[in-house]
Amino acid sequence: MCISLLSIVYGALRCNILAIKIKYDDYDISIRPSAYLCIFLWRSFEIATRVIVLVLFSSVLQIWTLPVVLSNFVVFFFYPWILFWQSKSPFPENIEKALSRVGTSIVLCFLTFLYAGINIFCWSAVQLKLNDPDLINKSQNWYRMAVYYMVRFIENAALLLLWYIYKTDVYMYVCAPLLVLQLLIAYCMAVLFMLVFYQFCHPCKKLFSSSISQGLLYCFKFLCYLCIPSKAPNKGDKFGAKLSNSSDISEHMKAVDSQNGNTQVDGSTSA
């Protein structure tokens, strides 16, 4: 199992490096050892946590395992096609000249099939974009990545909660709360190493229009704005406001009366 996990993580690492070289083909890229280490730890925690969560969930709720996996697969399979139909771009026909329209459709279906299978377990390093001639989204979409990891964390937490509720006597010698906490922390560690990679170790981080730190800062400000309640005026404030309004009105009336008196005096003198 460890050898299989290491081989899968190594494949994900190579895919990450290959995706960077494809996206930034016009630049001379040199990847430091720290970047390899961050990607390796990021993918190790992410894939291992996801596999363990699915195994635990399938051990107690076998009937619901297939719907969970199929729902993930269907969402990620049709998502590139939905974006393609929304763009109203012509059908890509420059993939291979020898292929017919049907053959191109089959190739694209296989690509989206592979894309969906990868995204069930981890974030795909290469994001498909069917309306692009290279079929690859070369822009860095932080919003899509943030939504993916937020939804995936919520899904893992929900699956672990269901496992904790319906666990059998097989896990009587396992500290279930501690295991749930360890898995959630492990997934947070994967997100942390991913953030460290894109913030400090990415070879082309200077080309990003915005950084993850700025996005996190904006999210933190938005959450603080939502969490801090607006200060409701108390009775003393209302009474003080009424007094200030009444004093302003009385001062205004005195000024009007003085102006009227001045006008009357001017009229008598002129008479």
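Atoms considered below: every heavy atom in the structure, side chains included; atoms not considered: hydrogens, waters and symmetry mates.
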I want to check something: taking the side chain as every heavy atom from C-beta on, are [X] and [Y] in contact at a cut-off of under 4.5 Å?
{"X": "Leu179", "Y": "Leu56", "answer": "yes"}
{"X": "Phe193", "Y": "Cys201", "answer": "no"}
{"X": "Arg43", "Y": "Asn16", "answer": "yes"}
{"X": "Phe76", "Y": "Leu128", "answer": "no"}
{"X": "Ile118", "Y": "Val126", "answer": "no"}
{"X": "Leu61", "Y": "Thr65", "answer": "no"}
{"X": "Leu54", "Y": "Phe121", "answer": "yes"}
{"X": "Ile47", "Y": "Leu5", "answer": "yes"}

Q: To the nearest 0.5 angstrom, please state how far the SG atom of Cys175 sits from the CG atom of Leu181.
A: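 It comes to 9.5 Å.
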
What are the two closest heavy atoms between [X] and [Y], and how far apart are they?
{"X": "Ile31", "Y": "Pro203", "result": "CG1-CG, 4.1 Å"}
{"X": "Lys167", "Y": "Tyr171", "result": "CB-CD1, 4.2 Å"}
{"X": "Asn72", "Y": "Arg152", "result": "OD1-NH1, 2.8 Å"}
{"X": "Asn131", "Y": "Lys129", "result": "OD1-CG, 2.9 Å"}

Donor-acceptor pair, side chain of [X] and main chain of [Y], under 3.5 angstrom:
{"X": "Thr49", "Y": "Glu46", "result": "no"}
{"X": "Tyr148", "Y": "Asn119", "result": "yes"}
{"X": "Tyr149", "Y": "Cys188", "result": "no"}

Quiz item: For atom CZ of Phe77, is the number of surrounding heavy atoms from other residues, nucleotides or ligands below 6.0 Å larger than 12?
Solution: yes

| Yes or no on ring pair (Phe, Tyr, Trp, His ring centres under 6.0 Å) for Phe113 and Phe73, after CA distance, side-chain angles and deciding distance? | CA-CA 8 Å; Phe113 182 87; Phe73 182 83; 5.1 Å; yes

Check your understanding: Out of Val69, Leu70, Val68, which residue meets the side chain to side chain contact (heavy atoms under 4.5 Å, CB included) rule with Ile120?
Key ->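 Output: one option passes, namely Val69.
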
